[in-house]
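What follows is a set of notes on a single structure, which appears directly below.
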Amino acid sequence: MALNDNKAGMGNLDKERINKVIYEMSKGSKYYENEQRKEEQVKAKIAAQHKQIQSFDAREIEKSELQADAMLAAIEEMRDFSRTIVHIDMDAFYAAVEMRDNPSLKNIPMAVGGSAMLSTSNYEARRFGVRAAMPGFIAKKLCPDLVIVPTNFDKYRQVSKDVKEILLQYDPNMCPMSLDEAYLDITQHLAERKNFDAEQKTFRTADGEQRMFGIAPNMMLAKVCSDFNKPNGQYLIPFNRQAVMDFVKDLPVRKVCGIGRVSCSMLGAMGVVTCSDLFRKRGLLLKLYSAISFNYFLRVSAGVGSTSVQRGDDRKSMSTERTFAEINRPAELFAKCYELCEALVEDLKKENLKGKTITLKIKTIKYIVRTKAHSLLNATQDVQLLYSTARDLLRTEIRLCSPEPLRLRLMGKSRGEQKLPFGAVKPKTDGRHTLLNYFKSPK
DNA sequence: ATACATACC
DNA sequence: CACTGGTATGTAT
């Protein structure tokens, strides 16, 4: 429940005061109670892990270490310095666009979002501890002069599109991860530019946005780099093994994309804080984690990541969800359910897609989240069929609750991709957490 | 296949 | 007045 200071712009602020304000605003709320419940769950997981660790003997761990070393040798084989990968990240993107369009916002603390939730904040606001994913009303407590500008996605989409146009000149296979970040493989671009100084690569865009670059031999490292030297900095990891190992040596695992708050505490509980700790504890980690996770940890410890920048295949799911003031009367719950089906179908039709697995997501006023899914025999984009499926799932939930009412604050629908029958399996060069990837046959 | 958790922006 | 919304993926059953 404390301030997340993993990100940039939070260097010299009064964390203690900020955390106190956040706590005062949150404590006693249903939200806070749920967060505490979740924290307890994580603690339980750590305790279970601890118990498991105590059941291992030293010889087992040594054996696992040897096995891990063999895996590491295979990873080392795949180490590749032939590509130059760039990760670009538009700093405080939404806020930057708003400041561009209204310069009077430039020198005052400002954030984009609403009183319920902020998407991002400018650097003035960050000085007060105001940051992305913070509710606006808490931000206002931290910084009473904060100006909150409503989100204007269409505008950000347009700017994002303009920037992508430019990036495409550097890499036609450029891979956007969101409106404000992308990976590029500029190997080809560099080869075509003679006398190009690798240490002085710069991108020029006409938009005036600030942006960060990470330049490295792979995507994992490039992403970490782009977070260095904020704001508007760039950071390059030299293309040799020693430089990579030096970089990774003291790098906190939390900085690595894919290792979040929970994984970080689980690892921390066994003394793994930096990437080199992942190597140090490889014997133990092999025994504790799945093959997928362990392989990923080993790669991180070696500073090895994907070198293939390419857009993913088709989308795998599409969803719509909405938060609202409590609803508990069945008639209203069903009406909301129908409304969401309509909204989802509208989105499906925009992309001419159908769904096979319908998932109903609900969040109670205590913030408990439940999902119920049902797979149809055939994919559909028909509102009535979607609704009748979702309605049945909702009815079951209402009955399970009764005679108490089902008291909700959120409802959502999603549709899972129709599984295509003729998928071939191909080995994936990398993947954050996956070893295998499924090829989808074209529609 | 289903449910739930984690992670990312 | 008030703690999002969208997508992917891992883990467990």
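Quick caveat: nothing in here was measured; it's all calculated off a predicted structure. These numbers come from the heavy atoms of this one structure, side chains and all, not from hydrogens, waters or symmetry mates. In what follows, chains are A, B, ... by sequence order, proteins preceding strands, each numbered from 1.
Ranking B/dT6, C/dT4, C/dG5 by closeness to the A/L410 side chain, first place goes to C/dG5. Comparing C/dT9, C/dA2, C/dT7 by their closest approach to the side chain of A/S319 singles out C/dT7. Among the nucleotides C/dT4, B/dA3, B/dA5, the one closest to any side-chain atom of A/Q41 is B/dA5. If you check C/dA8, C/dC3, C/dA2 against the side chain of A/S115, the one that comes closest is C/dA2. For A/I292, taking side-chain heavy atoms from C-beta onward, the closest of the listed nucleotides C/dG10, B/dA3, C/dA2 is C/dG10. Considering only side-chain atoms of A/S375, the nucleotide from B/dA1, B/dA3, C/dT11 that sits closest is B/dA1. Picking from B/dT6, B/dC4, C/dT11 the nucleotide with the shortest atom distance to the side chain of A/V262 gives B/dT6.
Counting only residues at least two apart or in different chains, side chain to side chain donor-acceptor pair (under 3.5 Å) contacts with residues 268-279 of chain A comprise A/T274-A/S276, A/T274-A/D277, A/D277-A/R280.
Taking the six-membered ring for Trp and thresholds of 30 and 60 degrees, A/Y338 and A/Y387 have ring planes more than 60 degrees apart, a perpendicular arrangement.
Under 3.5 Å, the side chain of A/T323 and the base of C/dC3 form no donor-acceptor pair of N or O atoms.
Residue order along DNA chain B, read from the 5' end via each residue's closest nucleotide, puts A/K372 first among A/S263 and A/K372.
Comparing the C1' positions of C/dT4 and B/dA7 gives a spacing of 16 Å, expressed to the nearest Å.
With sequence neighbours excluded, no residue forms a side chain to side chain donor-acceptor pair (under 3.5 Å) with A/D145.
A donor-acceptor contact closer than 3.5 angstrom is absent between the side chains of A/S317 and A/S414.
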